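Taking it in order: structure first as structure tokens, then the write-up.
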Amino acid sequence: MRVVIVIPTYNEQENLRSLVERIAALRIPDLKILIGDDTSPDGTGALAEELRSTFPFVHILHRLRKEGLGAAYLSGFERALTDDADVVVQMDADGSHDPGEI
């Protein structure tokens with residue numbers, strides 16, 4: 001079962017590494033984390049690229065401008081479905097969603 005976790009980000013550099021590490025610790029088979037970054041000025045997109053080099057299941061959707069959370073989720077869901085996800089999970093990068101609940 002292919003699981004895609006969609007995580008929209010905007011200025012989440014402080015939270016993103018910890019979130020990805022917590023999800024990785026769950027050892028979900030056939031996992032893909034899709035980080036959608038809206039060109040965060042704090043360097044979140046660069047951090048996502050760094051995380052991708054460490055965690056091969058991390059993928060990034062760089063969006064050219066901030067279009068809001070709803071649009072970010074829709075873009076992520078569309079990509080997840082295009083990639084044949086069986087399960088799509090939405091998760092905020094701000095810590096409001098506990099990875100342990102997946």
Side-chain angles (χ1 to χ4, degrees):
M1 182 181 321
R2 185 175 181 101
V3 177
V4 178
I5 301 174
V6 176
I7 306 173
T9 60
Y10 188 77
N11 288 341
E12 297 291 352
Q13 186 180 41
E14 188 175 308
N15 306 319
L16 188 58
R17 179 181 303 279
S18 171
L19 177 60
V20 170
E21 289 173 349
R22 289 179 64 200
I23 294 169
L26 297 173
R27 300 194 187 282
I28 299 169
D30 207 8
L31 170 68
K32 178 178 181 178
I33 295 176
L34 178 59
I35 299 169
D37 186 62
D38 279 2
T39 314
S40 297
D42 75 343
T44 301
L47 174 59
E49 291 291 344
E50 179 184 324
L51 291 169
R52 179 168 54 180
S53 69
T54 304
F55 300 100
F57 52 83
V58 170
H59 300 260
I60 305 156
L61 176 59
H62 290 287
R63 293 164 30 101
L64 299 178
R65 61 188 173 279
K66 185 176 179 183
E67 296 180 29
L69 184 60
Y73 271 126
L74 290 176
S75 293
F77 296 160
E78 182 178 358
R79 173 72 66 87
L81 294 174
T82 299
D83 291 347
D84 295 324
D86 296 304
V87 176
V88 179
V89 177
Q90 72 178 49
M91 181 160 283
D92 285 340
D94 65 3
S96 62
H97 296 135
D98 179 4
E101 297 290 325
I102 296 174

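All of these numbers come straight from a predicted model, not from anything done at the bench.
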Would [X] end up clustered with [Y] when hydrophobic side chains under 4.5 Å apart are linked, directly or stepwise?
X: I7; Y: L31; value: yes
X: I102; Y: V88; value: no
X: I35; Y: L74; value: no
X: L69; Y: L19; value: no
X: I60; Y: L34; value: no

Please check this pair: side chain of T44 against backbone of E12, looking for a donor-acceptor N/O pair closer than 3.5 Å. yes
Flag, side chain of D92 to backbone of D94, donor-acceptor distance under 3.5 Å: no
Could you list all the side chain to side chain donor-acceptor pair (under 3.5 Å) pairs where at least one residue sits in residues 52-66, not counting sequence neighbours? D38-R63, E49-R52, E49-H62, R63-S75
Can you list every pair that meets side chain to side chain donor-acceptor pair (under 3.5 Å) and has a residue in residues 80-89, with sequence neighbours left out? K32-D83
Please report the shortest heavy-atom distance between [X] and [Y], naming the atom on each side.
X: Y10; Y: S40; value: CA-OG, 3.1 Å
X: L26; Y: P99; value: CD1-O, 3.3 Å
X: P8; Y: A93; value: O-CB, 4.1 Å
X: V6; Y: F77; value: CG2-CD2, 4.0 Å
X: V58; Y: A48; value: CG1-O, 4.3 Å
X: L61; Y: G76; value: CD2-N, 4.3 Å

Could you tell me if the side chain of [Y] sits less than 4.5 Å from the side chain of [X], heavy atoms only?
X: V89; Y: H97; value: no
X: V20; Y: F55; value: yes
X: M1; Y: D30; value: no

If the condition is side chain to side chain donor-acceptor pair (under 3.5 Å), which residues does D98 pass it with, not counting sequence neighbours? R22
More than 12 non-hydrogen atoms from neighbouring residues, nucleotides or ligands closer than 6.0 Å to CD on E78, yes or no? no
For E14, is the CD atom crowded, meaning more than 12 foreign heavy atoms sit under 6.0 Å from it? no
To the closest 0.5 Å, what do you measure between CD (E21) and CG (L16)? 9.5 Å
